[in-house]
Amino acid sequence: MLSMLEYIKTILQKVSFDKNLFDKELTKAIKMLIPKEVKQLKRWCYIQFGKMYRAVLNRRFARVRFT
């Protein structure tokens with residue numbers, strides 16, 4: 001069984017063809033995960049999608065507080 005984080009990674013990969021859909025799913029993912037998982041997701045997203053969606057990633061992760 002996949003963890004929520006792994007499931008979200010799968011979803012983001014599947015919607016990465018569409019910027020708006022990717023943005024929407026990333027926003028939902030950040031709300032669903034605990035801070036530790038969001039930190040892991042952030043690292044993974046920049047590696048996987050940093051070149052393609054850097055502006056989206058910067059905007060979404062700028063609002064996140066890792067406490």
Side-chain angles (χ1 to χ4, degrees):
M1 184 173 180
L2 289 177
S3 70
M4 184 56 73
L5 178 58
E6 292 304 317
Y7 175 72
I8 288 168
K9 288 178 181 180
T10 302
I11 297 300
L12 290 174
Q13 287 175 320
K14 289 183 179 188
V15 300
S16 65
F17 67 92
D18 181 285
K19 181 180 177 181
N20 292 327
L21 200 48
F22 181 85
D23 190 13
K24 179 181 170 186
E25 290 299 329
L26 180 59
T27 302
K28 286 181 2 187
I30 291 170
K31 290 177 185 175
M32 289 189 332
L33 297 173
I34 62 172
K36 178 183 171 187
E37 292 172 321
V38 175
K39 207 179 248 189
Q40 293 173 356
L41 179 65
K42 178 181 179 181
R43 193 176 312 118
W44 178 83
C45 279
Y46 275 98
I47 291 168
Q48 294 294 317
F49 305 109
K51 290 181 182 174
M52 191 176 0
Y53 293 135
R54 182 160 305 272
V56 172
L57 297 174
N58 290 343
R59 184 171 57 248
R60 293 297 163 219
F61 287 112
R63 298 176 182 166
V64 175
R65 300 289 170 248
F66 301 104
T67 54

Pairs touching residues 22-32 that satisfy salt bridge (charged side-chain N to carboxylate O under 4.0 Å, His left out), sequence neighbours left out: D23-R59, D23-R60, E25-K28

Atom pair CZ (R43) and CD (Q40), whose distance is rounded to the nearest 0.5 Å: 6.5 Å

L12 vs W44 side-chain heavy atoms within contact, under 4.5 Å: yes

Spacing of K39 atom NZ and L5 atom CG [to the nearest 0.5 Å]: 14.0 Å

Set of ring-ring contact (aromatic ring centres under 6.0 Å, His included) partners for Y53, sequence neighbours left out: F22

Shortest non-hydrogen contact from L26 toward C45: CD1-SG, 4.1 Å

Geometric class of the Y46/F61 ring pair [parallel <30°, tilted 30-60°, perpendicular >60°]: tilted

Side chain to side chain contact (heavy atoms under 4.5 Å, CB included) partners for N20, two or more places apart: D18

Pairwise distance NZ(K14) to CG(L21) - rounded to 0.5 angstrom: 12.5 Å

Partner residues of M4 under the side chain to side chain contact (heavy atoms under 4.5 Å, CB included) criterion, sequence neighbours left out: Y7, I8, M32, L33

Residue pairs involving residues 2-11 (criterion salt bridge (charged side-chain N to carboxylate O under 4.0 Å, His left out); sequence neighbours excluded): E6-K9

Atom pair CG (N58) and NZ (K42), whose distance is rounded to the nearest 0.5 Å: 8.5 Å

